[in-house]
Amino acid sequence: MRKSILLLAVFSMTHHTFSQRIDTLKVYSASMQKNIKTLVISPDQKSKKSIPSVYILHGYSGYPERTIKQDIPSLLQLSQKMQTLFILPDANYDSWYIDSEITNSKYETFIASELVSYIDKLYDTDTSKTAIMGWSMGGHGALYIGARHQAVFEAIGSICGAIDFTNYGKDYGVQKLLGQNNKTWTSYTAFSQINYLKNSKQQLLISCGIDDYIIGQNRELHQKLIELNIGHIYEERPGGHNAEYWSKAADTQLFHIDNFFKKEQ
């Protein structure tokens, strides 16, 4: 059962694009004692049924507005077509979606507990159809959080995921969260969470471009999942570590998630 957490939020019911609504929320995080900007794309509902929700995590240095304008510009149309709520939290540039023990950065707790609880109260969501997906740093975040919170997320999607940041994390702010010794970072990597997925019933989606500099990590993850007999859909296609690749891959993963939820009806 999900925890019921009291959250305060200041929100402006924003603008309309086509028949979708984009809400700009400031969701209060009790764990970090600050407001977190979050965009929510909601469809013009065709029925009175509760709708699925997908939490979409941006990459390193990203932010929600860029996600809509550049990274996955199809989200507006897909929200209406799939009758799905898309939630885009701001991850403070380089939070890596983990709970730090040396700073007040608690984005695992915020997303998996505080934000989900708040969104489910504010919108008419089907709480049995909740997914999490992202790319690069957000791909790491989706796998890391999704594996650790299986009662919350029924589907997980990682695109060009930074599966193991121990060798390059110092160039991307990880030391601010976990300290200077990268030997202590291992348990915070997405790769370290695979064993949690052994008996999972979650839909698991992995995608990476063949020209991506971290394709090796994603292939290693794919092989490890096969060894552990963990069901998943793995995709490689031409492309690098850029918006051109993950915008197309996101469309594909959202198609799989939509089909998965429809089968669960």
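For the single chain, residues carry numbers from 1 onward in sequence order.
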CD1-CD1 distance between I233 and I257, expressed to the nearest 0.5 angstrom: 9.5 Å

Interatomic distance, I132 atom CD1 to Y97 atom OH [nearest 0.5 angstrom]: 8.5 Å

Check: T127/T125 side-chain N/O donor and acceptor closer than 3.5 Å: no

N-O pairing of E65 and K37 below 4.0 Å: yes

Nearest heavy atoms of M137 and Y60, plus distance in Å: CB-N, 3.4 Å

Any side-chain donor near an acceptor of the partner, Q253 and S207, under 3.5 Å: no

L254 CG to F86 CZ distance, which is reported to the nearest 0.5 Å: 5.0 Å

Pairs satisfying side chain to side chain donor-acceptor pair (under 3.5 Å), at least one member in residues 179-192, at least two apart: E101-Y188

Nearest-0.5 Å distance that lies between atom OG in S95 and atom CD in E108: 11.0 Å

Inter-residue atom distance L39.CG - Y63.OH, 0.5 Å rounding: 11.5 Å

Aromatic ring proximity Y144/H140, centre distance under 6.0 Å: yes

Residues in side-chain hydrogen bond (donor to acceptor under 3.5 Å, both in side chains) contact with S61, at least two apart in sequence or another chain: none

Summary of ring pair (Phe, Tyr, Trp, His ring centres under 6.0 Å) pairs that have at least one residue in residues 209-233, sequence neighbours excluded: Y213-H241, H222-H232, H222-Y234

